There are 2 protein chains.
Amino acid sequence: MKPKLEDVAKLAGVSKTTASHVLNNRGYLSEKTLEKVHDAMETLNYQPNAAARQLFKQKTGLIGLIFPTVSNPFFGELVNYLEYELYQRDFKVIIGNSLQDTHKETDYLNQLLAGQVDGLILGTHNQGIAEYKYSHLPVVAIDRVMNSDIPIVESDNYKGGILATQRLINAGVTRIIHTNGPSSLETPAQRRRTAYEKVMTDYGLEPHTFTIDFRLSFAEKKQRYNELFEIYPDMEAIFVSNDVDAGIVMSIAKERGQNIPADLLVVGYDGTELMRNMVPELTTIVQPIEEMAKVAVDVLLKRISGTKTELEYILPVDLWEGETSNR
Amino acid sequence: MKPKLEDVAKLAGVSKTTASHVLNNRGYLSEKTLEKVHDAMETLNYQPNAAARQLFKQKTGLIGLIFPTVSNPFFGELVNYLEYELYQRDFKVIIGNSLQDTHKETDYLNQLLAGQVDGLILGTHNQGIAEYKYSHLPVVAIDRVMNSDIPIVESDNYKGGILATQRLINAGVTRIIHTNGPSSLETPAQRRRTAYEKVMTDYGLEPHTFTIDFRLSFAEKKQRYNELFEIYPDMEAIFVSNDVDAGIVMSIAKERGQNIPADLLVVGYDGTELMRNMVPELTTIVQPIEEMAKVAVDVLLKRISGTKTELEYILPVDLWEGETSNR
DNA sequence: TTGTAAGCGTTATCAC
DNA sequence: GTGATAACGCTTACAA
């Protein structure tokens with residue numbers, strides 16, 4: 001069915017080896033042979049078999065990306081940049097959305113072991129999976145704490161937390177709530193919380209962190225954020241741990257008849273290009289998504305080639321000043 | 001380095017074949033052998049080599065997804081569902097973001113030919129690429145017109161155009177502008193335009209379609225939409241061809257001191273879960289993204305297995321009634 | 001119930 | 001310059 005190198009060789013009247021040499025520009029070849037073989041490839045519409053090549057070379061040219069879900073703009077943009085960077089360096093990407101599926105993450109890691117991919121970039125929440133003990137493998141984590149031997153690329157979450165909280169305090173409010181994921185997940189994002197609590201207490205204000213799991217459905221999140229409004233009826237500002245949730249909070253506030261920023265200030269986190277363009281009024285902390293992707297790819301390729309790397313890369317964040325934080 | 005089946009066999013004191021049989025539950029095996037082999041696999045932490053398997057089986061268990069960019073929520077959600085559906089059926093996905101890169105699309109198609117993937121799901125804008133002549137290959141298009149032999153899955157764009165336009169007319173406005181991609185791209189989305197123009201003329205109103213390329217950057221889009229406001233200073237409503245752009249239009253309107261919906265009505269298109277939750281006030285046409293993904297996967301798998309399929313699958317749309325279309 | 005041997009398509013070594 | 005041949009790791013007739 002599909003033509004193989006042998007068919008090309010036969011048609012061109014040469015041996016398999018010669019055809020292979022032409023295919024890979026190996027050794028010296030006569031003009032004539034070259035042309036004959038190229039012609040044969042053309043007419044047969046020959047494409048080298050990927051599996052056979054991989055089997056021989058012992059590498060696949062594939063990188064696995066495991067993230068909660070590309071339907072979240074932050075991960076969508078991140079994956080987009082990762083794919084771009086990797087494509088530039090001749091890698092394709094396999095993606096796995098691991099949200100609410102611990103098994104999937106394990107499965108993908110097994111694939112790596114099976115040699116189906118040459119490396120992995122992880123941004124998942126599921127922690128402490130046994131296979132992570134294989135820390136000698138080419139794996140890089142983005143914004144997630146992994147095994148201590150796995151390099152991690154993140155933005156400056158602590159600084160981000162400081163910037164956000166400070167911004168709200170500067171606006172003149174004192175009853176500021178922060179929302180974040182469960183502290184049981186030891187993600188770098190928890191440092192936003194630490195920073196928030198530090199700034200609050202430094203100013204003699206009482207920190208209130210409201211826990212909400214990232215992995216909830218939209219409907220569940222809405223319900224949970226409505227509880228937030230019930231629990232803190234007199235809150236003046238919220239520092240939400242991501243922009244999508246900040247959007248939900250704003251829409252709930254409107255539903256409840258509160259005006260932003262008149263009645264409630266809001267600061268988000270992530271600062272995707274999408275949000276900055278669609279909801280520019282939302283004050284948020286901008287993570288350097290493109291830069292994070294670049295660094296992650298650099299580090300991964302170093303790991304693959306056996307070069308030593310740092311274990312932690314912290315990239316700077318920025319404050320996007322919208323109107324949702326102005327009194 | 002990495003253990004192979006032979007190492008397992010050796011450690012278990014059996015032959016390669018037996019080990020393979022255990023691995024694949026083939027034939028009858030004694031309890032003892034089974035246990036021995038399993039133990040050996042365990043201690044060696046054995047994982048079968050993917051390339052070798054693929055080479056033998058002549059299939060990869062990989063499907064290629066080519067879309068403009070997963071950083072757009074519509075494609076992000078679509079890819080998310082596609083990955084989910086395919087994972088259920090033991091396929092992993094390779095993704096390619098082809099935005100502004102015709103060559104990439106060609107490259108991925110070549111991969112298919114190279115047997116690196118078992119099938120392709122396309123949602124790209126780049127048309128008329130030579131390789132599409134290989135229409136006997138397992139390829140499915142989502143919302144894109146391809147070669148006439150490639151099945152296409154889409155939502156009812158014409159109906160969507162009708163619903164959106166009718167909604168605005170019902171709100172009592174007459175100067176309604178529509179924005180859409182260049183008509184040179186023969187996408188199904190152009191049917192939204194056809195529908196819009198039909199409804200407008202049916203009501204004796206003058207249709208005005210404003211062309212804007214999807215592939216522009218955010219900055220370029222902003223500039224272009226600002227032109228729209230200059231060209232039609234007295235417009236009362238806009239029917240935008242996707243929600244992200246609708247968001248941009250709304251933010252521009254605010255910048256220009258116009259209130260929505262008091263001064264300007266807006267209807268979007270796509271109705272992603274993200275938008276319905278973050279910007280519920282935006283009236284929009286909801287595409288059945290999850291259903292489209294399911295159908296696309298079904299059709300692709302049929303094509304792969306050689307089963308005959310329809311050439312066109314049109315799924316129903318819904319109107320999401322927000323406040324941006326209420327006068 | 002288990003083992004031998006051939007083959008999947010490519011590449012590289014080493015003679016010619 | 002070109003051509004056999006073995007190897008990559010796995011699977012499966014076919015034998016034993």
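Since this is a predicted model, take the numbers as computed values, not measurements.
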(request) Choose from D:dG9, D:dA4, D:dT12 the nucleotide whose nearest atom is closest to any side-chain atom of B:Asn49. (result) D:dG9
(message) Assess whether a salt bridge exists between B:Glu83 and A:Lys104, defined as any Lys/Arg side-chain N lying under 4.0 Å from an Asp/Glu carboxylate O.
(response) yes
(message) With a cut-off of less than 4.0 Å, is there a side-chain N or O of B:Thr18 near OP1 or OP2 of C:dG3?
(response) yes
(request) Send over the distance from A:Asp7 CG to C:dT10 C1', rounded to a whole Å. (result) 13 Å
(message) Taking 4.0 Å as the cut-off, does a side-chain nitrogen or oxygen of B:Ser15 come that near to OP1 or OP2 on C:dG3?
(response) yes
(message) If the condition is side chain to side chain contact (heavy atoms under 4.5 Å, CB included), which residues does A:Thr43 pass it with, not counting sequence neighbours?
(response) A:Leu11
(request) Only one of A:Val93, A:Leu65, A:Ile94, A:Ile63 passes side chain to side chain contact (heavy atoms under 4.5 Å, CB included) with A:Val117; say which it is. (result) A:Ile94
Can you give me the N/O atom pairs linking the protein to nucleotides 14-16 of chain D at distances under 3.5 Å, or say none if there are none?
none

(message) I'd like to know if A:Thr17 reaches the base of C:dT11 with its side chain, counting only an N/O donor and acceptor under 3.5 Å.
(response) no
(request) Examine distances only and state if a side-chain atom of A:Ser98 and a backbone atom of A:Asp101 form a donor-acceptor pair shorter than 3.5 Å. (result) no
(request) Specify the separation, in whole Å, of atom NZ of A:Lys4 and atom P of C:dG7. (result) 10 Å
(request) Kindly confirm or rule out a cation-pi arrangement of A:Lys92 over B:Tyr108, judged by NZ or CZ under 6.0 Å from the six-membered ring centre and within 45° of its axis? (result) yes
(message) Nearest to the side chain of A:Val14, heavy atoms from C-beta on, is which of D:dG3, C:dG3, D:dT11?
(response) D:dG3
(message) Is it true that B:Ser155 and B:Gln287 share a donor-acceptor pair across their side chains at a distance under 3.5 Å?
(response) yes
(message) What I want to check is whether the side chains of B:Thr69 and B:Asn97 have a donor and an acceptor closer together than 3.5 Å.
(response) no
(request) Would you mind checking if A:Arg89 and A:Asp298 are paired as a salt bridge, meaning a charged N to carboxylate O distance below 4.0 Å? (result) yes
(request) Taking atom types as modelled, find out whether A:Tyr87 and B:Asp107 have a side-chain donor-acceptor pair closer than 3.5 angstrom. (result) yes
(request) Rounded off to whole Å, could you give me the NZ-to-C1' distance for the B:Lys10 and D:dC10 pair? (result) 15 Å
(request) Please state how far atom CE in B:Met41 lies from atom C1' in D:dC10, giving the value in whole angstrom units. (result) 12 Å
(request) Provide, to the nearest angstrom, the distance between the CD atom belonging to A:Gln116 and the P atom belonging to D:dG9. (result) 16 Å
(request) Would you mind telling me which of C:dG9, C:dG3, D:dT11 lies closest to the side-chain atoms of B:Arg53? (result) D:dT11
(message) Looking at B:Tyr46, I'd like to know whether one of its side-chain N or O atoms comes within less than 4.0 Å of OP1 or OP2 on D:dC10.
(response) yes
(message) Tell me the interatomic distance from B:Lys2, atom NZ, to D:dC8, atom P, rounded to whole angstroms.
(response) 15 Å
(request) Tell me whether the OP1 or OP2 atom of C:dT2 has a side-chain N or O from B:Thr33 closer than 4.0 Å. (result) yes
(message) Counting only side-chain nitrogens and oxygens, does A:Ser20 get under 4.0 Å of the OP1 or OP2 atom of C:dT11?
(response) yes
(message) Testing the 3.5 Å rule here: is there a donor-acceptor pair between the side chains of B:Glu105 and B:Thr124?
(response) yes
(message) What residues from residues 54-62 of chain A pass a heavy-atom cutoff of under 4.0 Å to DNA chain D?
(response) A:Leu55, A:Phe56, A:Gln58
(request) Mind calculating the distance between NZ (B:Lys16) and C1' (D:dT12) to the nearest angstrom? (result) 12 Å
(request) Can you tell me the distance, in whole Å, between the CD atom of A:Glu6 and the C1' atom of D:dA4? (result) 12 Å
